Amino acid sequence: MLLSRFFVPVLKENPKEAEIISHIYMLRAGMIQQSASGIYSWLPLGKIVLEKITEICRREMLKAGANEILMPTLQSAEIWKESGRYEDYGKEMLRIKDRNNRNLLYGPTNEELVTEIFRTHVKSYKELPLNLFHIQWKFRDELRPRFGVMRGREFLMKDAYSFDVDYNSSIKSYNIMFMAYIQLFKKMGLKAIPMKADTGPIGGDLSHEFIIIADTGESEVYVERELLNFKDSLTNINYEDDLQEKVNKFTSFYAATEEKHDASNFDNKNNTLIKTRGIEVGHIFHFGQKYSSPMRATISDRQGDNIPVFMGSYGVGLSRLVGAIIEANHDQNGIIWPSEISPWDYNIINLKSGDNDCDNICLKLYNFINNNTSNVLYDNTDERAGAKLARADLIGLPYQILIGPKGIKEELYDLKCRKSGEISRLSYNELLNFVQMNA
RNA sequence: CGGGCCAUAGCGCAGCCUGGUAGCGCGUCCGUCUGGGGGGCGGGAGGUCACAGGUUCGAAUCCUGUUGGCCCGACCA
């Protein structure tokens, strides 16, 4: 992509409405624009990142055997009355009337809809287990939206729902999602820690939050040091296997958010417990027959009896992840994208546009990288070097390649690693090698 | 929903207290000198001062109301 043709309205100064770092950088890097409190337009740079995250999530869900569907944003109030939540949900639910005065709502979540789909089509245990997921925008009319996309009213989520014939098999489904979550966050270049979560009063017995560790995170968390460094060799998971043991590996560590932290539950004699901060980016939840029962989503079991199906739900906050990733990966100059979700791998910076030698080498390199399965953003604009460098740091691509008269004279060009700040001076051929090896 | 604060050019702000017809920095446009960390010089464009009403000869400024936004708290992915 040529920067001269890319719409990325960067801001030099901090917008006054933003307080936390991810919000500030998303606005300054031209990723989003606020439309109303907690509601955002996604500009090209933000959209690309959001899409990358979404795609990784989707791929892992499919690998784990889930089926993708797409449920609408607007839902009929009818099924919510069935589950009893139309009254219970309160003011967070945005209620709308259509021209015929029918009650609609902008979906804050989808248990009712998916249960309705399930009960219409699935009647027998033979069709189970089943996992349906979708990726869709939701709306919750929060009391107080804040922190940019981390706590918006409109947000993109992946929701999966599992259906099983009995408790034991539903735990298996839960474990599959647990391991899929470990995988998908890893594929985003993130360290996500599963933590036991409260399930509330309603009979659920199993729930985990997945938390990204970030100094600027919203809540305090307590984690065993070993879990932070826990590198499991799970490159390939066979979801057909019994995963309980693998799940146990993770859950055997102590990890808790502030609300659930209880020092007496952990023997900290080796001082291995770390207090840090984190951001919740996923939540998995086993809730049994909570919805299937009132909504009569029943199946025939092996005995021929009709029983409410066992369910679980599994969410990932995709739009929130964009903010969370920035919270976990930035410095005072801007964003530092993990290479897995970076909009591009390389940022070629022409330090003197208009200079024949600079233009030629940049263009040659640009074409080479594009032809070698890597992605590259080429800053071919006519701005001053300083402005380009500052903008490159703000946008935060993993590698910057600096081409200027100085380098051309010495035939050595700067390759800067955004994360470490390290600069290698490489010949043109060494640069090509680096790109090929790194692809 | 309780408490605090804000709204003036695309962005960040001053002016308001003490009313007299709007200014600074950045950005933007033209020219020029520049060119390795958000340049220099010269010239230009851009604002019904959030909206509505009131006081006044006169309102960005004083008064009332409305709308929108931000922060702290309670709540949540």
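So that the names make sense, note that chain A is the first sequence line, chain B the second, and so on, each numbered from 1. Here the structure is a predicted model, which is why all the values come from computation and not from measurement.
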*Asks:* In whole Å, what separates the C1' atom of B:G46 from that of B:C72?
*Replies:*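 B:G46 and B:C72 have their C1' atoms separated by 38 Å.
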*Asks:* Strictly by Watson-Crick or wobble contacts shorter than 3.5 Å, is anything paired with B:U55, and which nucleotide is it?
*Replies:*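 Check on B:U55: unpaired, no WC or wobble geometry under 3.5 Å.
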*Asks:* What distance, rounded to whole Å, do you find between the two P atoms, one in B:G68 and one in B:G27?
*Replies:*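 It works out to 34 Å between them.
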*Asks:* Using atom P in both nucleotides, what's the gap between B:A50 and B:A59 to the nearest angstrom?
*Replies:*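 It comes out at 15 Å once rounded to the nearest Å.
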*Asks:* Validate the cation-pi geometry between A:R85 and A:Y291: distance from NZ or CZ to the six-membered ring centre under 6.0 Å, angle to the ring axis within 45°.
*Replies:*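 No, cation not above the ring by the 6.0 Å, 45° rule.
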*Asks:* Apply salt bridge (charged side-chain N to carboxylate O under 4.0 Å, His left out) to the pair A:E218 and A:R151, showing each step before the final yes or no.
*Replies:* CA-CA 10 Å; A:E218 54 183 353; A:R151 184 77 186 282; over 6 Å; no
*Asks:* Kindly write out the residues that satisfy side-chain hydrogen bond (donor to acceptor under 3.5 Å, both in side chains) with A:W80, not counting sequence neighbours, or none if the list is empty.
*Replies:*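 Expected list: A:Q75.
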*Asks:* Expressed in whole Å, how much space separates the P atoms belonging to B:A45 and B:C29?
*Replies:*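 B:A45 and B:C29 have their P atoms separated by 16 Å.
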*Asks:* Would you call the rings of A:H286 and A:F310 parallel, tilted or perpendicular, where under 30° means parallel and over 60° means perpendicular?
*Replies:*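 Plane angle under 30°, so parallel.
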*Asks:* May I ask you to check whether over 12 heavy atoms, not counting those of A:D215, lie within 6.0 Å of atom CG?
*Replies:*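 It does not: A:D215 CG has 12 such atoms or fewer within range.
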*Asks:* Answer yes or no on whether A:K364 is positioned over the face of A:Y428, meaning its NZ or CZ is under 6.0 Å from the six-membered ring centre and within 45° of the axis.
*Replies:*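 That pair qualifies as a cation-pi contact.
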*Asks:* Separation of A:I24 atom CD1 from B:C11 atom C1', in whole Å?
*Replies:*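 After rounding, the reported distance stands at 14 Å.
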*Asks:* Evaluate A:E82 against A:R119 for salt bridge (charged side-chain N to carboxylate O under 4.0 Å, His left out), listing each step before the verdict.
*Replies:* CA-CA 13 Å; A:E82 243 182 83; A:R119 73 178 175 192; 2.6 Å; yes
*Asks:* Any chance CD of A:E411 has more than 12 other-residue heavy atoms, nucleotides or ligands included, within less than 6.0 Å?
*Replies:*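 Counting neighbours around CD of A:E411, 12 or fewer heavy atoms of other residues, nucleotides or ligands fall under 6.0 Å, so no.
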*Asks:* B:A7 pairs with which nucleotide, Watson-Crick or G-U wobble, both distances below 3.5 Å?
*Replies:*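 Pair assignment: B:A7 / B:U67.
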*Asks:* For nucleotides B:G23 and B:A60, find the distance between their C1' atoms and express it as a whole number of Å.
*Replies:*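 Taking atom C1' in both B:G23 and B:A60, they lie 12 Å apart.
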*Asks:* Do side-chain atoms of A:K246 reach the backbone of A:N175 as a donor and acceptor pair under 3.5 angstrom?
*Replies:*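 Checking the backbone N and O of A:N175 against the side chain of A:K246, no donor-acceptor pair under 3.5 Å is found.
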*Asks:* Please collect all side-chain hydrogen bond (donor to acceptor under 3.5 Å, both in side chains) contacts where either partner lies in residues 41-56 of chain A, sequence neighbours excluded, each pair once.
*Replies:*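 side-chain hydrogen bond (donor to acceptor under 3.5 Å, both in side chains) check on residues 41-56 of chain A returns A:K47-A:E51, A:E55-A:R58.
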*Asks:* Assess whether atom CD of A:E87 is packed by more than 12 heavy atoms of other residues, nucleotides or ligands within 6.0 Å.
*Replies:*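 More than 12 within 6.0 Å, yes.
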*Asks:* Centroid-to-centroid, A:Y161 to A:H134, below 6.0 Å?
*Replies:*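 No, they do not, as the ring centres are separated by 6.0 Å or more.
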*Asks:* B:G38 and B:G25: how far apart are their C1' atoms, nearest whole angstrom?
*Replies:*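 That atom pair is separated by 13 Å.
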*Asks:* If I pick the C1' atom on B:C75 and the same atom on B:C17, what distance separates them, to the nearest angstrom?
*Replies:*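 Going atom to atom, C1' in each nucleotide, I get 40 Å.
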*Asks:* Classify every nucleotide of nucleotides 68-77 of chain B by which part a protein heavy atom approaches to under 4.0 Å, writing B for the base, S for the sugar-phosphate alone and - for neither, in 5'-to-3' order.
*Replies:* -SSBBBBBBB
*Asks:* Short of 4.0 Å, heavy atom to strand atom, which residues of residues 50-70 of chain A count as contacting RNA chain B?
*Replies:*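 Correct list: empty, so none.
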*Asks:* Encode nucleotides 23-42 of chain B as B, S and - characters from 5' to 3', where the letter depends on protein heavy atoms closer than 4.0 Å: B to the base, S only to sugar-phosphate, - to neither.
*Replies:* --BS-------BBBBBB---
*Asks:* B:U67 and B:C51: how far apart are their C1' atoms, nearest whole angstrom?
*Replies:*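 These two C1' atoms come out 7 Å apart once rounded.
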*Asks:* Could you tell me whether A:K97 atom NZ has more than 12 heavy atoms of other residues or ligands within 6.0 Å of it?
*Replies:*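 For A:K97, atom NZ is crowded (more than 12 foreign heavy atoms under 6.0 Å).
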*Asks:* Could you list by number each residue of residues 104-116 of chain A showing a heavy-atom separation from RNA chain B of less than 4.0 Å, or answer none if no residue does?
*Replies:*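 Going residue by residue through residues 104-116 of chain A, none turns out to have a heavy atom under 4.0 Å of RNA chain B.
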*Asks:* Is the NZ atom of A:K81 crowded by more than 12 outside heavy atoms at less than 6.0 Å?
*Replies:*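 Yes, the 6.0 Å shell around NZ holds more than 12 heavy atoms from other groups.
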